[in-house]
Amino acid sequence: MRCWLIKSEPDVFGFADLRRRGREPWNGVRNYQARNFLRDMREGDLCLFYHSNARPPGVAGVARVCREAYPDDLQFDPQSPYFDPRSNPAQPRWSMVDIEPLVAFPALVSLDTLRALPEWQTSALTRKGSRLSVLPVSSDQFWAALDAAGLSLDDLNAGPEPRLQA
DNA sequence: GCCAACGTTGGC
DNA sequence: GCCAACGTTGGC
């Protein structure tokens, strides 16, 4: 099982939204490196759900991949901001996975907190100027983030988050 | 294949 | 709102 970090702007779609939805297609990724990482994801992989463009930015919880990569339908929708006129259904350019919420962090683990952890020194997340929205995370980094949230393996094994009311 | 112009990301 | 860093586009 691999670990990942995925970014989302909470004003647009935050971890609480994922808890309300129960499950969500992770669409709109339009960067080749990030897309390739999406395609590497396997069912059951864990994702740190990161809030970008937030004050403060940081990890809000853990999600789990519940469907592996398939074509992102928004690339074919002319009404969508994610429409890509150069893609075609025979050879879709962009992919998405489905994710579900697993554990909400009791409190956000901020970017500042991650930066202070030795495990995170080498991450693309903490590297200045890096804008990658999907990136691999080592198991050391994953557990360090979970520990910073005050959580343990037991909390992950407790199973999916109860669905929030919409 | 180079590279200038442009658009976007995302922390601050 | 600013702007540094980065990716993409397209003329040549």
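To find a chain, count down the sequence lines: A is the first, B the second, and so on, and within it residues start at 1. Because the structure is predicted, anything quoted here is derived from the model rather than measured.
The nearest whole Å value for the distance from the CG atom in A:Leu135 to the P atom in B:dT9 is 16 Å. Atom CZ of A:Arg131 and atom C1' of C:dC3 are 12 Å apart (whole Å). We find that CZ of A:Arg127 is positioned 15 Å from P of B:dG11, with the value rounded to whole Å. Taking atom CD of residue A:Glu9 and atom C1' of nucleotide B:dG10, one finds them 8 Å apart after rounding to whole Å. Atom-to-atom, CZ of A:Arg86 to P of C:dT8 comes out at 11 Å; the value is rounded to the nearest Å. Atom CG of A:Leu132 and atom C1' of C:dT8 are 15 Å apart (whole Å). Atom CG of A:Asn53 is separated from atom P of C:dG1 by 14 Å (rounded to the nearest Å). The CG-P distance, from A:Asp84 to C:dT8, rounds to 12 Å in whole Å.
Interatomic distance, A:Cys3 SG to A:Leu135 CG, rounded to the nearest 0.5 Å: 12.0 Å.
Comparing A:Tyr82 and A:Asp112 by the nucleotide of DNA chain B whose heavy atom lies nearest to each, the residue mapping closer to the 5' end is A:Tyr82. Each of A:Arg55 and A:Ser130 lies near DNA chain C, and the nucleotide nearest A:Arg55 is the one positioned closer to the 5' end. Of the two residues contacting DNA chain C, namely A:Lys128 and A:Arg30, the nearest-nucleotide position lying further toward the 5' end is that of A:Lys128.
In this structure, a donor-acceptor pair under 3.5 Å is absent between the side chains of A:Ser123 and A:Thr126.
Salt-bridge check for A:Arg23 with A:Glu100: failed, with every basic side-chain N at 4.0 Å or more from each acidic carboxylate O.
A close approach under 4.0 Å does occur between a side-chain nitrogen or oxygen of A:Lys7 and OP1 or OP2 of B:dG10. One finds a side-chain N or O of A:Tyr50 lying less than 4.0 angstrom from the OP1 or OP2 phosphate oxygen of B:dG11.
Closest approach of A:Phe83 to A:Asp77, counting heavy atoms only: CB-O, 3.0 Å.
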